[in-house]
Amino acid sequence: MEHRLKTPLSEEDVKKLRAGDVVFLSGIVYTARDKAHALMRSKQSPVSLEGAALYHCGPLIKNGKVLSAGPTTSGRMARYSDEILSWGARAIIGKGGLHSGPFKGRAVYLAYPGGCGAAAAGQLKAVKAHLAELGMAEALWEFQAENLGPMIVAIDTQGSDLYQDVRNKARARGR
Amino acid sequence: MRRSDLVEATVDALRQAETSLPDWVMSSLEEAKRLETNPVARSHLGFMLENVGIAQGSKIPLCQDTGLPIFHLVVGRYARFDFDLRDAVAEGVRIATKDVPLRPNVVDPLTRKNTEDNTGEGMPDVIIDTVDGDSIRITAFPKGAGSENMSLVGMINPADDPFDFILKAVEERAVNSCPPLFLGIGIGGTFDLAARLAKRALLRMPGSSDIEMDLLRRINALGIGPMGLGGDTTALGVKIEKASCHTASLPVAINFQCWANRSASRVVR
């Protein structure tokens, strides 16, 4: 099933999504990766994450224009999932997945096709760089998204996890 | 040979590598899309091809991770130059960072301070071989962190099967390496020689021996698929490079490469 959603996301918005659905997302999307997560933990988030979509992405930007902005590996930020989601974020966007536990009953994980930075750039406009002192790749960028996608719901609020399903099958086949 | 020609060749090769994919990589993605039976996987492969088209048309990097600057220089024995090759390539990287542009990715490993120009201690990494001839062939091979982070060297027991070790590593690590993958594999040598062989294997893609094709079939049978979301296409190519090793050793190195297997070459005379 295909969904067109707008941020901020409500509990209702994300609870109707099922693993395998396709999502196109519009509205404000925040990027954060390694350094921004560490800083948010030690201090606090410079933006409210209530209903937010947080994108694991270190974009390439020149003169305020987004040139390439695909997802980075979410696994490096796995240690922060619970905090980010407890601050009200309803969607984490990235690649490779995260543990499904922290998402249960409150949020979804959306997979953007990895390596597709040029396509994503056409769906994103840079509004502002928060934590700009961290540099281009590590800053917390505020983006205006227009139909960011296609993204696959890889982890839903009911605990379904496409990555885990694939992993279980691969393990069985590898033996 | 003029230094400025090598600098310019570096910029040109890097620009082409970042904004397009080699024909043989595009062909293998198209072929995979044609054969893929999983609909999500097929749409992913289609979107990847579309993305390369956008990058090529707009001359922008196809992936925001423009990688670490890695170059392979094949230097003719009779080529004459009075400048430092690495220094000229580094200058090309600094120019390309501004002009292409590239994301500044290079940091000090301990302070994590970014140099902002994609050069630094030991960067760019320039691999040099010598051959007959009087020209220099430079290949830009920018390497993203997603797949490089999943690479590994195993000093396994010679009684163990290296292909089982490789299969297990792929099963555990493919999801974070932006599959469908290209796998450069080094078997034998020493701890560091195995890793160098694996990197060189990626430069000599794709392989076609029976052993390589058999390993490719076993990897694709895992069903990990594009981006780890399931499908028939987990890897597009496997290349193995070997070296003799100690009777008590069996080093196995796997250099993971994402689907965006970027490279481009220029010849300087």
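Everything numeric in this text was worked out from a predicted model, so none of it was measured. So you know, we letter chains A, B, ... as the sequences are listed, proteins then strands, and number each from 1.
In terms of heavy-atom pairs under 4.5 Å with chain B, the best-connected choice from A119(A), A111(A), G75(A) is A119(A). Ranking T72(A), L60(A), V22(A) against chain B, the residue ahead of the rest is L60(A), based on heavy-atom pairs under 4.5 Å. The most heavy-atom pairs under 4.5 Å with chain B, out of P113(A), P71(A), C116(A), G70(A), come from C116(A). Contact count against chain A (heavy-atom pairs under 4.5 Å) is highest for A221(B) among P226(B), G225(B), A221(B). Highest contact tally toward chain A, considering only A260(B), G223(B), G230(B), P61(B), is held by P61(B) [criterion: heavy-atom pairs under 4.5 Å]. Interface remark: of the candidates A154(A), A137(A), G135(A), G58(A), G58(A) forms the most heavy-atom pairs closer than 4.5 Å to chain B. Ranked by non-hydrogen atom pairs under 4.5 Å with chain A, the options L229(B), V175(B), I54(B) are led by L229(B). Put simply, of P59(A), C57(A), S74(A), the one with the most heavy-atom pairs under 4.5 Å next to chain B is P59(A).
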Kindly indicate, with the supporting measurements, whether the criterion side-chain contact (heavy atoms from CB on, under 4.5 Å) is fulfilled by I152(A) and V40(B). CA-CA 9 Å; I152(A) 308 287; V40(B) 172; 4.0 Å; yes

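Residue contact with chain B, scored on non-hydrogen atoms closer than 4.5 Å, involves the backbone of A69(A) exclusively. Heavy atoms of T66(B) lying under 4.5 Å from chain A belong exclusively to its side chain. Proximity to chain A (any heavy atom under 4.5 Å) is shown, for C258(B), by neither the backbone nor the side chain. Of the atoms belonging to L62(B), heavy atoms from both backbone and side chain fall under 4.5 Å from chain A. Using a 4.5 Å cut-off between heavy atoms, R112(B) contacts chain A through both its backbone and its side chain. Neither the backbone nor the side chain of D65(B) comes within contact range of chain A; no heavy atoms are under 4.5 Å apart. Contacts between L67(A) and chain B at a heavy-atom distance below 4.5 Å involve backbone atoms as well as side-chain atoms. In this structure, chain A has a heavy atom under 4.5 Å from the backbone of K98(B), while its side chain stays farther away.
For S68(A) against C63(B), the heavy-atom pair with the smallest separation is OG-C, 3.2 Å. Contact detail for Y163(A) and M227(B): the closest heavy-atom pair is CE2-O, 3.5 Å.
For the atom pair CD of E172(B) and CZ of R167(A), the computed distance is 10.0 Å after rounding to the nearest 0.5 Å. Atoms CG and CZ, on L167(B) and R173(A) in that order, are 12.0 Å from each other to the nearest 0.5 Å. Between the CG atom in L102(B) and the CE atom in M136(A) there is a gap of 9.5 Å [rounded to 0.5 Å]. The line from CG of N176(B) to NZ of K95(A) is 6.0 Å long, rounded to the nearest 0.5 Å. To the nearest 0.5 Å, atom CG of residue N114(B) and atom CD of residue E138(A) are 8.5 Å apart.
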